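Just so it is clear, the model here is predicted, and its values are computed rather than measured.
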Amino acid sequence: MAVVIRYVDNNGHIIERFLGIQHVSDTTASSLKAAIEALFSKHGLSISRLRGQGYDGAIGASCKRMEVIREKQYARIIEGLENGEISSGRGLNQETSLRRYGDTRWGSHYITIIRLLAMFSSVLDVLDDRFTETSMELLLCVACLSPNDSFSTFNKEKLIRLALFYPSEFSIVDLMVLGDQLDTYIIDLRGDDEFSSIEGIASLAEKMVKTKKNLIFPLVYMLIKLSLLLPVATATVERVFSAMHIVKSRLRNKMGDKWMNDSLVVYIEKDIFNKIDNEAIMKRFQNMKTRREQL
């Protein structure tokens with residue numbers, strides 16, 4: 001399992017960093033949780049500070065969702081046959097599943113669409129279960145922070161509702177202060193020419209830090225930072241697995257987990273390691289234990 005952390009730095013920039021790989025015996029929720037806790041503990045991080053999680057390629061979860069879709073589709077067909085809404089006959093109502101389309105074969109796109117239409121109700125039920133009312137409400141509240149069109153989607157009540165999703169960050173007193181900050185915040189930023197052409201919450205965060213308004217409206221800025229943590233991208237994780245084929249090549253196919261992890265961190269986060277002076281690395285290596293010669 002490859003773990004990437006996403007955070008907002010002191011300049012308001014969204015940062016994603018590869019933390020490391022962790023061996024897992026299976027992809028059950030309990031195994032993944034234990035692996036994440038172990039990795040966090042190793043780096044002195046607390047899982048209690050985690051404000052969102054996203055998973056990509058969790059085989060167990062993917063298989064489970066496909067099984068749920070098949071079960072719902074089966075139940076729907078049985079009900080339709082009993083009610084006479086679906087005709088029975090040879091070759092009809094065969095078990096099917098959603099097929100992954102191919103990038104260069106348009107016929108596969110057609111088959112995928114046909115199967116999606118046939119199983120639309122079942123797929124919709126699973127999506128309703130996956131994206132709960134709470135999740136949808138959270139996303140709608142986040143949209144109220146958008147600076148587009150002079151903050152046209154701003155809604156004070158929804159933003160206070162957004163703060164209620166994070167009781168660790170907003171106490172009862174903070175919620176009362178937040179309401180006053182939001183009133184002043186929207187008047188101030190709408191009247192500031194520097195924010196007139198801002199698009200996207202990420203650009204808003206950077207501009208607030210640049211103009212020091214994150215210090216004037218700290219609670220509003222906290223909402224912005226929390227919102228920026230939600231849209232977790234999986235591209236960084238995908239790059240980690242792509243890099244594995246480079247680091248663990250055919251000539252180095254017996255690399256252990258620790259060696260491969262260390263090599264991946266240096267390779268993927270090369271922009272950080274390129275800034276470290278070679279002398280500092282040599283000194284660190286020299287001080288790890290007593291050596292016969294000085295490097």
Side-chain angles (χ1 to χ4, degrees), residues 1-8 14-75 97-98 100 119 122-139 142 162 164-170 225-245 247-248 253-265 267-269:
M1 177 176 64
V3 179
V4 174
I5 57 173
R6 178 185 175 97
Y7 61 94
V8 179
I14 304 171
I15 306 295
E16 288 190 358
R17 292 297 183 192
F18 171 57
L19 198 60
I21 57 173
Q22 193 77 357
H23 181 77
V24 290
S25 56
D26 53 63
T27 56
T28 59
S30 58
S31 295
L32 295 179
K33 181 176 182 293
I36 292 173
E37 287 181 334
L39 188 61
F40 272 40
S41 177
K42 174 183 175 183
H43 293 281
L45 301 173
S46 174
I47 202 168
S48 64
R49 298 293 297 166
L50 202 61
R51 293 296 174 264
Q53 299 178 59
Y55 295 88
D56 178 56
I59 299 173
S62 300
C63 293
K64 184 177 181 180
R65 286 196 293 272
M66 290 303 300
E67 185 64 27
V68 171
I69 291 176
R70 281 194 291 266
E71 290 177 357
K72 287 183 178 292
Q73 181 69 3
Y74 177 77
S97 61
L98 294 178
R100 183 183 295 273
M119 303 177 67
S122 301
V123 173
L124 195 60
D125 288 343
V126 173
L127 290 176
D128 285 338
D129 294 337
R130 183 168 175 80
F131 296 98
T132 62
E133 291 185 6
T134 302
S135 300
M136 294 304 298
E137 182 183 10
L138 183 63
L139 295 175
V142 169
L162 175 62
L164 292 174
F165 284 101
Y166 299 96
S168 298
E169 274 71 33
F170 297 94
K225 288 202 300 182
L226 291 170
S227 300
L228 290 174
L229 299 179
L230 289 178
V232 179
T234 59
T236 306
V237 178
E238 295 290 349
R239 285 196 293 270
V240 172
F241 287 103
S242 297
M244 285 185 183
H245 298 290
V247 173
K248 191 173 183 177
N253 61 356
K254 293 184 178 181
M255 293 178 68
D257 286 348
K258 188 177 186 308
W259 186 16
M260 183 168 68
N261 178 80
D262 295 343
S263 300
L264 283 171
V265 170
Y267 179 81
I268 295 169
E269 300 295 344

Quick check for you: to the nearest 0.5 Å, what is the distance between [X] atom [atom1] and [Y] atom [atom2]?
X	Y	atom1	atom2	answer
Asn261	Leu19	CG	CG	8.5 Å
Gln22	Lys42	CD	NZ	7.0 Å
Leu138	Tyr166	CG	OH	5.0 Å
Leu39	Ile47	CG	CD1	10.0 Å
Leu139	Ser227	CG	OG	10.0 Å
His23	Met260	NE2	CE	10.5 Å

(message) Does Tyr267 have more than 12 heavy atoms from other residues, nucleotides or ligands lying within 6.0 Å of its OH?
(response)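 12 or below, so no.
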(request) Could you list the residues that satisfy side chain to side chain donor-acceptor pair (under 3.5 Å) with Ser168, not counting sequence neighbours? (result)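 Ser168 satisfies side chain to side chain donor-acceptor pair (under 3.5 Å) with no residue once adjacent residues are dropped.
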(request) For residues Met244 and Ile21, report the shortest heavy-atom separation together with the two atoms involved. (result)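 Between these two residues, the closest heavy atoms are CE-CG2, 3.7 Å.
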(request) Please report the shortest heavy-atom distance between Val24 and Ser31, naming the atom on each side. (result)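 Closest heavy-atom pair between Val24 and Ser31: CG1-O, 4.3 Å.
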(request) With side chain to side chain contact (heavy atoms under 4.5 Å, CB included) as the test, would you mind laying out the steps for Phe40 and Leu50 before giving the verdict? (result) CA-CA 10 Å; Phe40 272 40; Leu50 202 61; 4.1 Å; yes
(request) For the pair Glu269 (side chain) and Phe18 (backbone), establish whether a donor and an acceptor sit closer than 3.5 Å, ignoring hydrogens and angles. (result)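 Yes: the side chain of Glu269 pairs with the backbone of Phe18.
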(message) Quick test of your reading: applying salt bridge (Lys or Arg N to Asp or Glu O under 4.0 Å), list the pairs with at least one residue in residues 19-29, sequence neighbours left out, ordered by first then second residue.
(response)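 Residue pairs passing salt bridge (Lys or Arg N to Asp or Glu O under 4.0 Å), neighbours aside: none found.
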(message) My understanding is that only residues two or more places apart in sequence, or in another chain, count here; which of them pass salt bridge (charged side-chain N to carboxylate O under 4.0 Å, His left out) with Lys258?
(response)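 Scan of Lys258 (salt bridge (charged side-chain N to carboxylate O under 4.0 Å, His left out), adjacent residues dropped) gives Asp262.
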(request) With Val247 as reference, evaluate Ile268, Val240, Leu264 under the side chain to side chain contact (heavy atoms under 4.5 Å, CB included) test and give the passing residue. (result)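 That would be Leu264.
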(request) Using a 4.5 Å cut-off on heavy atoms from C-beta on, say whether the side chain of Ile14 contacts that of Arg6. (result)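 In contact.
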